[in-house]
2 protein chains.
Amino acid sequence: MSRRAVQSRIARAAEELFVAKGFEETTVDEIAAAVGMSQRSFFRYFASKDEVVLDSLERLGEELTARLEARPADEPEWDSLRHSFASVVDRLSDPEARDHDRAIHGIVNASPRLLAAYLGRLDRLQGSLSELLLDRAARNPGGETDPVVLRALVGGAFACLQAAMHHCGVEPEVFGPCLDRTMAALRPAGASA
Amino acid sequence: MSRRAVQSRIARAAEELFVAKGFEETTVDEIAAAVGMSQRSFFRYFASKDEVVLDSLERLGEELTARLEARPADEPEWDSLRHSFASVVDRLSDPEARDHDRAIHGIVNASPRLLAAYLGRLDRLQGSLSELLLDRAARNPGGETDPVVLRALVGGAFACLQAAMHHCGVEPEVFGPCLDRTMAALRPAGASA
DNA sequence: CGGAAAGTGTCAGTGACTGTCAATCATTGC
DNA sequence: GCAATGATTGACAGTCACTGACACTTTCCG
């Protein structure tokens, strides 16, 4: 069985336990027992207990990066980001993925420690997206070339995403328009060019 | 000796060790020994090892809140936030505080775990500032009354603050203008009213 | 003086995580 | 077929953050 498949089995079992008992209240020993392996082996597939929950989020980051790279280089950064976020909305149309994300969302929000780790990941993702846009601007005229402004711009776009997700939940019918409305309201004055 | 004074003594000793050996590499036992107390007593003054570093940041949050409350209620939110952030710049003019903040900044950025905890704190602070502004808008016409947009707005302003701090360091002469430039660039198109 | 309250040390325990070693199992070269 | 090899695993021991329980001292207040 492939590494990815084992990770997936562990993650499924772990999330079930997390939903049932809470994240902090579930021990790694219990997770390992649920998949029928030693605690030591659990840590060979996930570097930490946090990782089990945040791993699925990692792939979302990769997809987001890919979508952003695919946007036309002369598009305003704000619009490129908004279109990349739309991929998140798309993902939520698959009912299975939606249920899963809802569960993850609940687990993360219930544990300050996990929430912090999640925000740490988001921060690094924002950093890498900023560099991506910085490279793009260097090759194309009209783009934002100030790394500080660019980093803040990406941060602002993610603030919209986070706010919309937090307040509107994961129902795509509600979440989509909510994100559009928020990003329209926050659109930087100078970014319409 | 007051509780606050003891905390301060612990924090000073701990930060010295963190700078010398790194955060993860310093054990709580070592910190406790450095102040001459048992490990158990250390945890009576700080809930966790993280807390020692993040505690000083907590007070900055309180000051920021106070400054924001003091701004005129009819001022655009973006400007109120920028003026509140200026208090952070002011704080950096005290050379002693600046050195301290520089040290903290270095420690936090060197440890992903601490960075995550720091971002978690910032997130909660942003939440409470959003509520503050929401209340203010309810009492005054012209303010932003949509909680989602407001939360994103605060997030965007903090993204500017973070980006400026990260890229420009803690030299007030550089940091101040950098923050102004970034917040001017990110100013929402609809927030000029 | 006496007794409550607050602060502290000690000790034992839990849970996340790591290093190590030996056994197992699949792969590869002969 | 078979032995050498490398990867995967379990078992065990150890570290470190953190917690609960209890006993002891100091301080404060009547």
Side-chain angles (χ1 to χ4, degrees), chain A residues 1-55 58 107-108 110-118 120-121, chain B residues 1-55 57-58 107-108 110-121:
Chain A
M1 199 176 316
S2 80
R3 175 176 183 81
R4 190 96 250 166
V6 178
Q7 284 179 325
S8 178
R9 262 182 56 216
I10 298 175
R12 258 198 299 278
E15 282 159 20
E16 210 167 302
L17 287 168
F18 292 158
V19 169
K21 310 182 39 179
F23 178 77
E24 323 272 7
E25 290 71 26
T26 305
T27 70
V28 174
D29 283 330
E30 288 169 338
I31 302 171
V35 247
M37 58 169 53
S38 69
Q39 191 213 51
R40 194 67 188 85
S41 284
F42 169 92
F43 282 109
R44 288 184 176 111
Y45 287 99
F46 290 101
S48 69
K49 200 170 80 166
D50 298 3
E51 206 72 15
V52 183
V53 182
L54 267 30
D55 180 59
E58 203 76 4
I107 296 168
V108 170
S111 158
R113 165 150 158 254
L114 256 190
L115 182 61
Y118 165 70
R121 297 294 174 103
Chain B
M1 198 178 312
S2 78
R3 174 177 183 80
R4 189 97 250 168
V6 178
Q7 286 179 324
S8 179
R9 263 182 55 218
I10 299 174
R12 259 197 299 276
E15 281 158 21
E16 210 166 303
L17 288 168
F18 292 157
V19 169
K21 311 181 35 177
F23 179 76
E24 322 272 7
E25 290 71 26
T26 306
T27 69
V28 174
D29 283 329
E30 287 169 339
I31 302 171
V35 241
M37 59 170 52
S38 68
Q39 192 212 52
R40 195 67 187 83
S41 283
F42 170 92
F43 283 110
R44 286 182 177 115
Y45 287 99
F46 289 101
S48 69
K49 200 170 80 165
D50 298 2
E51 206 71 16
V52 183
V53 183
L54 267 28
D55 181 59
L57 229 131
E58 203 76 5
I107 297 168
V108 170
S111 158
R113 165 150 157 253
L114 257 189
L115 181 62
Y118 165 69
L119 292 172
R121 296 293 173 102

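Chain naming here is simple, since letters A, B, ... match the order of the sequence lines and numbering starts at 1 in each.
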*asked:* Run the side chain to side chain donor-acceptor pair (under 3.5 Å) test against A/Glu25 and tell me which residues pass, sequence neighbours left out.
replied: none

*For B/Glu30, all residues meeting salt bridge (Lys or Arg N to Asp or Glu O under 4.0 Å), sequence neighbours excluded*: B/Lys21

_Can you list everything that forms a side chain to side chain donor-acceptor pair (under 3.5 Å) with B/Thr26? Sequence neighbours excluded, please._
none

*First-last contacting nucleotides on DNA chain C - partner chain A, under 4.0 angstrom, heavy atom*: C/dG15 to C/dT20

*By salt bridge (Lys or Arg N to Asp or Glu O under 4.0 Å), which residues pair with A/Arg4, not counting sequence neighbours?*
A/Asp55

*Set of residues satisfying ring-ring contact (aromatic ring centres under 6.0 Å, His included) with respect to A/Phe18, sequence neighbours excluded*: A/Phe23

_Listed partners of B/Ala117 passing side-chain contact (heavy atoms from CB on, under 4.5 Å), at least two apart_ = B/Asp50, B/Leu54

*Nucleic acid contacts - residues 22-31 of chain B versus DNA chain D, non-hydrogen atoms under 4.0 Å*: B/Thr26, B/Thr27, B/Val28

*With sequence neighbours left out, what residues match A/Glu24 under side chain to side chain donor-acceptor pair (under 3.5 Å)?*
A/Ser111

*Strand contacts (DNA chain D) in residues 10-21 of chain A, 4.0 angstrom heavy-atom criterion*: none

_For A/Glu16, salt bridge (Lys or Arg N to Asp or Glu O under 4.0 Å) partners two or more places apart_ = none

*Does the side chain of A/Val52 reach to within under 4.5 Å of the side chain of A/Phe42, using non-hydrogen atoms?*
yes

*Keeping the roles fixed (side chain from A/Gln7, backbone from A/Tyr45), state whether a donor-acceptor pair exists under 3.5 Å.*
yes

*Going by number, which of residues 38-51 of chain A have a non-hydrogen atom under 4.0 Å from DNA chain D?*
A/Ser38, A/Arg40, A/Ser41, A/Arg44, A/Tyr45

*Between atom CE of A/Met37 and atom CD1 of A/Ile10, what is the distance when rounded to the nearest 0.5 Å?*
4.0 Å

*Does some side-chain heavy atom of B/Phe43 sit less than 4.5 Å from a side-chain heavy atom of B/Val28?*
yes

